[in-house]
Amino acid sequence: MKVDVIKKYFQSWLDNDVEIVKQTFSENALYSECYGPEYHGLSQIVTWFENWNNKGQVLEWTIKRIFEQNQTLIVEWYFRCNYDGKIDGFDGVTIADFDKDMKILKLCEF
């Protein structure tokens with residue numbers, strides 16, 4: 001179930017589908033980006049998602065591997081986007097902690 005949730009979340013970026021984001025995160029979620037910014041609570045996460053997608057487009061977000069332990073997923077991935085007219089890509093890792101309702105409670109990217 002957690003694996004399905006994280007896959008839907010990654011796909012939401014490719015589809016620019018904020019409704020999936022709203023369904024994926026807990027109301028009290030914390031999102032920490034790989035270069036430092038943090039978003040506290042679902043409303044901040046949704047606002048960030050919408051603002052990011054106004055300037056950018058995710059071109060690829062490929063999941064390489066997923067490791068699961070208890071309420072945590074570790075996801076290795078490749079991400080490529082066009083942001084403000086600049087195409088960039090990089091490898092990364094997401095650590096996602098889930099609550100009892102299978103919603104993301106904490107997500108950290110590295």
Side-chain angles (χ1 to χ4, degrees):
M1 177 99 166
K2 290 183 288 293
V3 170
D4 294 333
V5 171
I6 205 76
K7 286 180 178 181
K8 280 177 67 174
Y9 169 68
F10 278 47
Q11 188 63 42
S12 74
W13 281 91
L14 290 161
D15 299 338
N16 187 8
D17 187 347
V18 73
E19 293 305 314
I20 296 298
V21 173
K22 291 176 184 178
Q23 296 167 14
T24 301
F25 284 89
S26 166
E27 280 293 326
N28 300 315
L30 168 65
Y31 193 116
S32 177
E33 287 193 81
C34 54
Y35 59 94
E38 288 187 350
Y39 309 99
H40 299 266
L42 182 58
S43 64
Q44 277 191 5
I45 293 167
V46 166
T47 299
W48 163 69
F49 180 91
E50 290 173 332
N51 290 341
W52 193 97
N53 278 285
N54 285 331
K55 292 183 174 186
Q57 177 187 15
V58 176
L59 305 172
E60 177 182 355
W61 204 353
T62 303
I63 294 173
K64 296 178 181 181
R65 297 187 288 173
I66 299 176
F67 301 95
E68 183 173 354
Q69 182 167 1
N70 302 322
Q71 291 301 102
T72 302
L73 291 181
I74 301 169
V75 185
E76 181 185 6
W77 44 261
Y78 174 75
F79 179 87
R80 189 169 63 91
C81 68
N82 180 347
Y83 192 80
D84 269 346
K86 182 181 177 210
I87 295 178
D88 195 11
F90 56 92
D91 293 302
V93 172
T94 294
I95 300 174
D97 294 324
F98 288 77
D99 66 15
K100 62 180 174 31
D101 297 321
M102 290 300 127
K103 292 193 174 207
I104 298 172
L105 187 58
K106 182 178 179 185
L107 190 143
C108 300
E109 293 178 341
F110 302 94

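- Summarising the geometry, atom SG belonging to Cys81 is positioned 10.0 Å from atom CG belonging to Asn53; distances are rounded to the nearest 0.5 Å.
- Residues Phe10 and Ser12 form no side-chain contact, since every pair of their non-hydrogen atoms from C-beta on lies 4.5 Å or further apart.
- Partners of Trp61 by side chain to side chain donor-acceptor pair (under 3.5 Å), not counting sequence neighbours: none found.
- Between the side chains of Trp77 and Thr94, at least one donor-acceptor pair of N or O atoms lies under 3.5 Å.
- The shortest distance between side-chain heavy atoms of Thr24 and Val21 does not fall below 4.5 Å.
- Checked against salt bridge (Lys or Arg N to Asp or Glu O under 4.0 Å), Lys22 has the following partners two or more places apart in sequence or in another chain: Glu19.
- Both Val3 and Val5 belong to a single network of hydrophobic side chains, linked directly or stepwise wherever heavy atoms of I, L, V, M, F, W or Y lie under 4.5 Å apart.
- Clustering of Ile, Leu, Val, Met, Phe, Trp and Tyr by side-chain heavy atoms under 4.5 Å joins Leu105 with none of the others.
- Taking hydrophobic clusters as Ile, Leu, Val, Met, Phe, Trp and Tyr residues chained together by side-chain heavy-atom distances below 4.5 Å, Leu59 does not share a cluster with Ile63.
- Hydrophobic cluster membership for Leu30: none, as no Ile, Leu, Val, Met, Phe, Trp or Tyr side chain comes under 4.5 Å of it.
- Taking the ring pair (Phe, Tyr, Trp, His ring centres under 6.0 Å) definition, one finds that Tyr83 meets it with Trp52, sequence neighbours left out.
- Under the 4.5 Å side-chain contact rule for hydrophobic residues, Ile20 and Ile104 do not share a cluster.
- Legend: residues meeting ring pair (Phe, Tyr, Trp, His ring centres under 6.0 Å) with Phe98, ordered by chain and number and at least two apart, are absent.
- Residues in residues 7-16 take part in no salt bridge (charged side-chain N to carboxylate O under 4.0 Å, His left out) pair, two or more places apart or across chains.
- Taken from CD1 in Ile66 to CG in Leu73, the straight-line distance is 6.5 Å, to the nearest 0.5 Å.
- Cluster membership check: Met102 does not share its hydrophobic cluster with Ile6, using side-chain heavy-atom separations under 4.5 Å among Ile, Leu, Val, Met, Phe, Trp and Tyr.
- Separation of the Phe49 and Trp13 ring centroids falls under the 6.0 Å cut-off.
- Other residues sharing a hydrophobic cluster with Val93 under the 4.5 Å side-chain heavy-atom criterion for ILVMFWY residues are Phe67, Ile74, Ile95, Phe110.
- Among residues at least two apart or in separate chains, there is no salt bridge (charged side-chain N to carboxylate O under 4.0 Å, His left out) pair with a member in residues 31-44.
- Residue Tyr35 shares its hydrophobic cluster (ILVMFWY side chains chained together at separations under 4.5 Å) with no other residue.
- Note on residues 96-110: no pairs pass salt bridge (charged side-chain N to carboxylate O under 4.0 Å, His left out), not counting sequence neighbours.
- For the pair Thr47 (side chain) and Gln44 (backbone), a donor-acceptor distance under 3.5 Å is absent.
- Contacts classified as salt bridge (charged side-chain N to carboxylate O under 4.0 Å, His left out) and involving residues 64-91 (residues at least two apart or in different chains) are given here: Lys2-Glu68, Glu60-Arg80, Lys64-Asp91, Arg65-Glu76.
- Put simply, the side chain of Leu107 reaches to within 4.5 Å of the side chain of Phe25, judged on heavy atoms.
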